[in-house]
Amino acid sequence: MRQHDTLFIGGEWVAPAGTGVIEVINPHTEQVVGTVPDGTPADMDRAVAAAREAFDHGPWPRLSFGERAEAIGRLADIYAARQGEMAALITEEMGSPITFSQLAQAPQPLGMLQYYAEYGRTFQQEEERPGLFGPSTVRREPVGVVAAVVPWNVPQFVSMTKIAPALLAGCTIVLKPAPETPLDAYLLAEMVQEAGIPGGVLNIVPAGREAGEHLVSHPGVDKVAFTGSTAAGRRIASICGEQLKRCSLELGGKSAAIVLDDADLGASMGMLAIASLMNNGQACVAQTRILASHRRYDEVVEAVAGMVTSQAVGDPADPATGIGPLVAKRQQERVEGYIKIGMDEGAKVVVGGLDRPHDRGWYVAPTVFSGVHNDMRIAREEIFGPVLAVIPYEDEADAVRIANDSDYGLAGTVWTADTDHGMDIARQVRTGTYGVNCFMLEANVPFGGYKASGVGRELGPEGLSAYLEYKTISRLG
């Protein structure tokens, strides 16, 4: 039982303004495993004030990029020593299978810290450019105080897509973890203290929607970095637009995996399992639309069904588990609601359905639908659970059309024996991230979406640019 009764503000553990408590519930046992204060608007005011003070008067923005990179490197070393602890904690608080936590939930945030630490060591704050009337200096300066609002599904990964580049840029940050998964943020705060990051540079206030909107709307915040639902993203964008406040939004997805006729299904299914079912299907990049030609449709359905049934469903702390519980009872009910919608729409349940695999825990039976058309709700709306829809296509042009026929454009894959041809397909699909016979995210390349999947890019040099203002200084003589 992890009990926290303070908030991390100004580099110190301080008492909250209110008396509310957030209970963190293990989705496998349905037992409370931790508590944290429920942050209030007053707590957000205090956190923004600390971040504002640290930005306006503190040393962090006034260090060189190299100096900040050294501090981020120290944090990375501490994170590396505790990444096993971080992985286990995330599995406990949100049900991610321990194998996925050890593969992605902790190592990928570490990789981001390491990348920006290395990138910052040689990054130039200023560059000279020749002009028609004289030289100009282009100077890069931090955008200011950042409100980072993150979801529960990959809490450290999403937090670090914002924290790591913002730190390197010289920004100060108020992080609002999701109420379902605040415990990992407290562990991160301990690491930040140990690394000697100055007080007020990173402040952490777990809270619900009301306090989160107060943070986003706060006049002391210069930029909002949000990951979450498209509906919430629209609300945040409207607030930022009203205030002319910078914002970056990484939102939902309904990604398509195109299986070409020459694909080796036996070789593809292992990687497709990761791409489509990662984190119990609770991933915005999950490939939940499987596109197969009429010629191989039944064969692909059978292969996908076999892939899904091969996943052990159970205790996420067990290394043998492939699919664990969903994060909350409401999420279990939401996903089951979509399974019923699919049945009502006339799609056929090949495996899975509404029978729960366990009596205790927020489990949903991993489900595969066949006979799906791309205009069905289960093919158009983000379900955020282990539910896959196999959709037929006529030819490759039709497959690309179906893949692009979506409000979203976050990710996608193509599965083929011809990698060069797979690259041709990838260039035609309008998504921000794509994979040929795989799906992966790297710290040194941009990540983000087209259309309703978001605004802006995270990771890579592009991710750093999102936290910089560019100043041009021209001169004569």
Side-chain angles (χ1 to χ4, degrees), residues 103-104 108 111-112 115 119 157 161 250-278 283-297 299-301 303-304 307 372 374 379 382 388-463 465:
L103 175 70
Q108 285 198 322
M112 294 176 216
Y115 168 75
Y119 185 64
F157 173 90
T161 62
E250 194 270 286
L251 308 175
K254 192 68 179 179
S255 302
I258 300 174
V259 182
L260 297 185
D261 281 346
D262 66 350
D264 182 335
L265 296 183
S268 300
M269 285 301 118
M271 286 297 294
L272 185 57
I274 297 172
S276 61
L277 296 172
M278 68 176 83
C284 53
V285 296
Q287 316 291 295
T288 55
R289 290 187 295 156
I290 314 296
L291 276 52
S293 76
H294 284 294
R295 292 170 294 282
R296 298 190 70 186
Y297 185 79
E299 187 182 357
V300 172
V301 169
V304 171
M307 174 264 287
V372 180
N374 202 51
E382 188 174 37
L388 307 182
V390 188
I391 302 171
Y393 65 82
E394 294 291 341
D395 53 26
E396 291 182 6
D398 191 41
V400 171
R401 180 193 65 78
I402 294 170
N404 286 330
D405 181 16
S406 173
D407 294 334
Y408 300 104
L410 187 59
T413 54
V414 61
W415 304 84
T416 175
D418 185 343
T419 301
D420 290 339
H421 185 53
M423 289 292 293
D424 292 337
I425 297 292
R427 294 184 178 102
Q428 298 176 60
V429 180
R430 290 183 53 78
T431 68
T433 308
Y434 209 81
V436 179
N437 296 324
C438 66
F439 185 80
M440 61 185 71
L441 298 174
E442 302 278 3
N444 65 330
V445 292
F447 169 63
Y450 289 29
K451 298 184 281 187
S453 286
V455 177
R457 292 295 182 267
E458 298 180 311
L459 303 180
E462 295 80 3
S465 294

With sequence neighbours excluded, residues passing side-chain hydrogen bond (donor to acceptor under 3.5 Å, both in side chains) with Ser453: none

Of the options Ile258, Ile425, Val414, which is the one that meets Glu396 in a side-chain contact (heavy atoms from CB on, under 4.5 Å)? Ile425

Going from CG on Leu410 to OH on Tyr434, what distance comes out if it is rounded to the nearest 0.5 angstrom? 13.0 Å

Sequence neighbours excluded, which residues qualify as side-chain hydrogen bond (donor to acceptor under 3.5 Å, both in side chains) partners of Asn374? Arg289, Asp405

Residues two or more places apart in sequence or in another chain: which of them pass side-chain hydrogen bond (donor to acceptor under 3.5 Å, both in side chains) with Glu250? none

So Lys254 and Asp407, do their side chains get closer than 4.5 Å, heavy atoms only? no

CE of Met307 to CE of Met271, rounded to nearest 0.5 Å, is 12.0 Å

Does Asp262 have any side-chain hydrogen bond (donor to acceptor under 3.5 Å, both in side chains) partners at least two apart in sequence or in another chain, and if so, which? Thr416

What are the two closest heavy atoms between Pro392 and Tyr297, and how far apart are they? N-CE1, 3.6 Å

Flag side-chain contact, heavy atom, 4.5 Å: Ile274 against Phe439: no

For Asp261, which residues count as a salt bridge (Lys or Arg N to Asp or Glu O under 4.0 Å) partner, sequence neighbours excluded? Arg295

Specify the closest pair of heavy atoms between Tyr393 and Ile402, including all atoms of both residues, with the distance to one decimal. CB-CD1, 3.9 Å

Output every pair passing salt bridge (charged side-chain N to carboxylate O under 4.0 Å, His left out) with a member in residues 417-431, not counting sequence neighbours, ordered by first then second residue. Asp424-Arg427

Less than 4.5 Å apart, any side-chain heavy atom of Thr433 and any of Val285? no

Which atoms form the tightest heavy-atom contact between Gly111 and Ala443, and what is the distance? O-CB, 4.0 Å

The criterion is side-chain contact (heavy atoms from CB on, under 4.5 Å); which residues satisfy it with Ala257, sequence neighbours excluded? Leu272, Gln287, Ile290, Thr413, Trp415

First locate atom CG of Asp398, then atom NE2 of His294, and finally report the distance between them rounded to the nearest 0.5 Å. 7.5 Å

Any side-chain heavy-atom pair from Thr288 and Leu388 closer than 4.5 angstrom? yes

Side-chain contact, heavy-atom cut-off 4.5 Å: Leu459 with Glu442? no

Set of salt bridge (Lys or Arg N to Asp or Glu O under 4.0 Å) partners for Glu299, sequence neighbours left out: Arg296

Residue pair Ile391 / Ala379: nearest heavy atoms and the distance that separates them: CD1-CB, 4.0 Å

Can you pull out every side chain to side chain donor-acceptor pair (under 3.5 Å) where at least one residue sits in residues 264-277? Sequence neighbours excluded, please. none

Val429 and Ala403: which non-hydrogen atoms are nearest, and at how many Å? CG1-CB, 4.2 Å

Considering all heavy atoms of both residues, which atom of Ala283 and which atom of Met278 are nearest to each other, and what is their separation? CB-CG, 3.6 Å

Ring pair (Phe, Tyr, Trp, His ring centres under 6.0 Å) against Tyr119, all qualifying residues, sequence neighbours excluded: Tyr115, Phe123

Partner set under salt bridge (Lys or Arg N to Asp or Glu O under 4.0 Å) for Asp395, not counting sequence neighbours: none

For residues 444-452, tabulate all N or O donor-acceptor pairs below 3.5 Å that involve a side-chain atom, not counting sequence neighbours.
residue: Lys451; atom: NZ; partner: Asn404; partner atom: O; Å: 3.0
residue: Lys451; atom: NZ; partner: Ser406; partner atom: O; Å: 2.9
residue: Lys451; atom: NZ; partner: Tyr408; partner atom: O; Å: 3.4

